[in-house]
Amino acid sequence: MSKVRKVFICSSCGAQSPKWTGKCPSCGEWNTYQEEVLQRDTSAEPGRNAWKSGTPHEILPQPIALPDIQSNDTPRLVTSDDELNRVLGGGIVRGSLVLIGGQPGIGKSTLLLQLALQLNAKVIYVSGEESEEQIKMRADRLGGNPSQCYILTETNATRICTIAIDFQPDLIIADSIQTLSVPYLDAMPGSISQIRECAGEFQRFAKSTHIPVFLIGHITKDGTLAGPKLLEHIVDTVLQFEGEQQYTYRILRTLKNRFGSTDEMGIYEMQAGGLRQVSNPSELLLSQHEETLSGSAVAATQEGMRPMLIETQALVSKAVYGTPQRSATGFDLRRLSMLLAVLEKRGGLPFGQRDVFLNIAGGIRVDDPGIDLAIVAALISSLEDVPIPQKSCFVGEVGLSGEIRAVNRIEQRIQEADRLGFETIYLSKYNLKGLDTQRFGIKIHSFGRLEELYTVLFT
Ligand code: TYD
Ligand code: MG
C-alpha cells in the first residue's frame, strides 16, 4: 500500500510545510515554496513499537567496534589541477560525492570537462544538458587527452549507476543534477524530491563502489530553482564556483569538506582555451598603472590560506540625485555602508551627501575583514582627492568606533607584500605583539585609530 501526500517544500533550505507560505520561516527566503508529491510505501514498514514485541525479524546489521573497521586508505586521485587538489584537501577521495554549485554560465561544465580531459583515468562525463557533439566541440577547444573520457547523454540516474557498474570508471561527473531523475518518483527533473533522490542514489553508488562522483548544481540568484543547499548534508564536499560574469576571474571555494579544510580556495582565469590556474594571484590583481591616482589603495588580504595583494578602488562624487548612490563590486554593500557611517560619525567626513562606488580588482569577492583599512583609505583618498603614496599597502579590520583591529596571519601578509616589492605597509598596532618587525625589508606603520591614519596620509 502506498500513501500519497502533498506537501510544500522550500527550494532553498528544504523545510516542509503542509500549506503554501510566502516567506520560509526556516531560512527567511521569499517565494521558495513548491508543491511536491510524497509517495511513501508503507507495506514494508513494521508497526509502531515493533521493537518491543520481540517477534523475530529479518537479519539486522550489527554495530562494529571501531578497531575492527578496515580503514580505506587508498591514495587520493590527484589531478593535474593544483587549485582543485588544494580545494578538495589533496585530491579526489575514493567513494566521495562532491557537489559543485554555481550560477549558470560561470564555467562549471568547463572546469569539470577539463578535469575529465586532464585526469589520467577513465572518466564518464554524464550530460543531461548538452549533446555529444556539443561536448566534443568544447573538448576540442580545451585540449588535453580525450582517449579516456567517455560521454554519456542519459538523464535516468538509476540507469547511469547501472551503466557505471559495468563500465567501472575511475570517476563520474554528472552535469547537472537538475536534469537527472529517477523513474520511480512521479516528479519533474529539477524538482526538490528528484534532486534529493538522485543525489541519494549517487551517494549510495559512490559509497558501495568507491567510485567518486562529481555533481554539478545550478543556483540562481533569486533561488527559484531547487538549490544545492538542499544537498549539503547528503554530499561529502560542497564547492562553489563564483565570479562576476563580466570579469575573467573565477574562484572555487570549499563550503563543506568531510576530507579537508574549508579554508582553501582556488583561482582560475577563463580564457578562450578554457580555465587557466592562477597560481600567483597578486601579480594579476594589482593594476599596472605608473602614476599615482587618488581613490586607489592596495589591500594585503588573505583568501583561504593564501596571502594576496589586491587593489581596491573608490570613487566618491557629489550626489546627483537626492538619495546618494552606493554601489560595490566584490564587496558587501552593507559593510561599505557601515564603513561610511564610521567615517562620517567618528571622523566627521561628509560621505552622507556623496555617491560612492567601490570596486575590487578582477571582480573577486573578498570576505576577509582585513580589507577594511584599504577600502577606508581608498574612500578618503577619493574624497580628498589626495593620492596614496605608491608602493604602500594596508591591512586591518575597522571597528564601529573607528579603531583599527588586528587580523590573522599577519606575518604571511607582510611577507607577501615584501616579496612583491611594496615599501610601506599600514596595519593595526595590535598586530605588532610578538612580531619581529626587523625581519622584513618593508617599512611597517602601525595605528590604533583611523584618525591617526588620516593625519599621516592626508594632512
Ligand atoms: P560553462 O562551463 O558552460 O558554464 P556552466 O556550466 O557553469 O553553465 O561556461 C560558460 C562560459 O564560459 C561561456 O559563456 C563561455 C565561456 N568559455 C570560455 O570563455 N572559454 C572556453 O574555452 C569555454 C569552454 C567557455
Ligand atoms: Mg553547464
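First listed ligand is number 1; within each ligand, the first listed atom is number 1.
Considering only non-hydrogen atoms, atom 21 (C) of ligand 1 lies nearest to Arg141 out of Arg276, Arg250, Arg141. Atom 14 (O) of ligand 1 has its nearest heavy-atom neighbour, among Gly273, Pro104, Gly105, in Gly105. With Arg138, Met270, Gln134, Glu129 as candidates, the residue nearest to atom 3 (O) of ligand 1 on a non-hydrogen basis is Arg138. Heavy-atom proximity to atom 25 (C) of ligand 1, evaluated over Thr110, Leu113, Leu275, Thr248, is greatest for Thr110.
With a 4.0 Å heavy-atom cut-off, ligand 1 is reached by the backbone of Ala272 but not by any atom from C-beta on.
The single protein non-hydrogen atom nearest to atom 4 (O) of ligand 1 is Gly107 N, 3.1 Å, given as residue, atom name and distance. The single protein non-hydrogen atom nearest to atom 6 (O) of ligand 1 is Ser109 OG, 2.6 Å, given as residue, atom name and distance.
Near Gln271, meaning under 4.0 Å from any of its heavy atoms, are these atoms of ligand 1: 18 (C), 19 (O), 20 (N), 21 (C), 22 (O).
Taking 4.5 Å as the limit, every side-chain heavy atom of Leu112 sits out of range of all side-chain heavy atoms of Asp175.
By the 30° and 60° cut-offs, the orientation of the rings of Phe394 relative to Tyr426 is parallel.
Under 3.5 Å, the side chains of Arg354 and Ser317 contain no donor-acceptor pair of N or O atoms. Judged by distance alone, the side chains of Ser392 and Glu423 never bring a donor and an acceptor atom under 3.5 Å apart. In this model, a donor atom of one side chain and an acceptor atom of the other lie less than 3.5 Å apart for Asp81 and Tyr268.
Here the two rings, on Phe167 and Tyr150, have centers that are under 6.0 Å apart.
The nearest N, O or S atom of Thr110 is not closer to the Mg ion (ligand 2) than 2.8 Å.
There is a protein heavy atom less than 4.0 angstrom from atom 23 (C) of ligand 1.
A distance of 9.0 Å separates CG in Leu427 from CD1 in Ile404, rounded to the nearest 0.5 Å.
Taking 4.0 Å as the cut-off, Gly274 counts as a neighbour of ligand 1 on heavy-atom distance.
Remark: of the listed residues Lys256, Arg94, Lys207, Lys207 is the sole one forming a salt bridge (charged side-chain N to carboxylate O under 4.0 Å, His left out) with Asp236.
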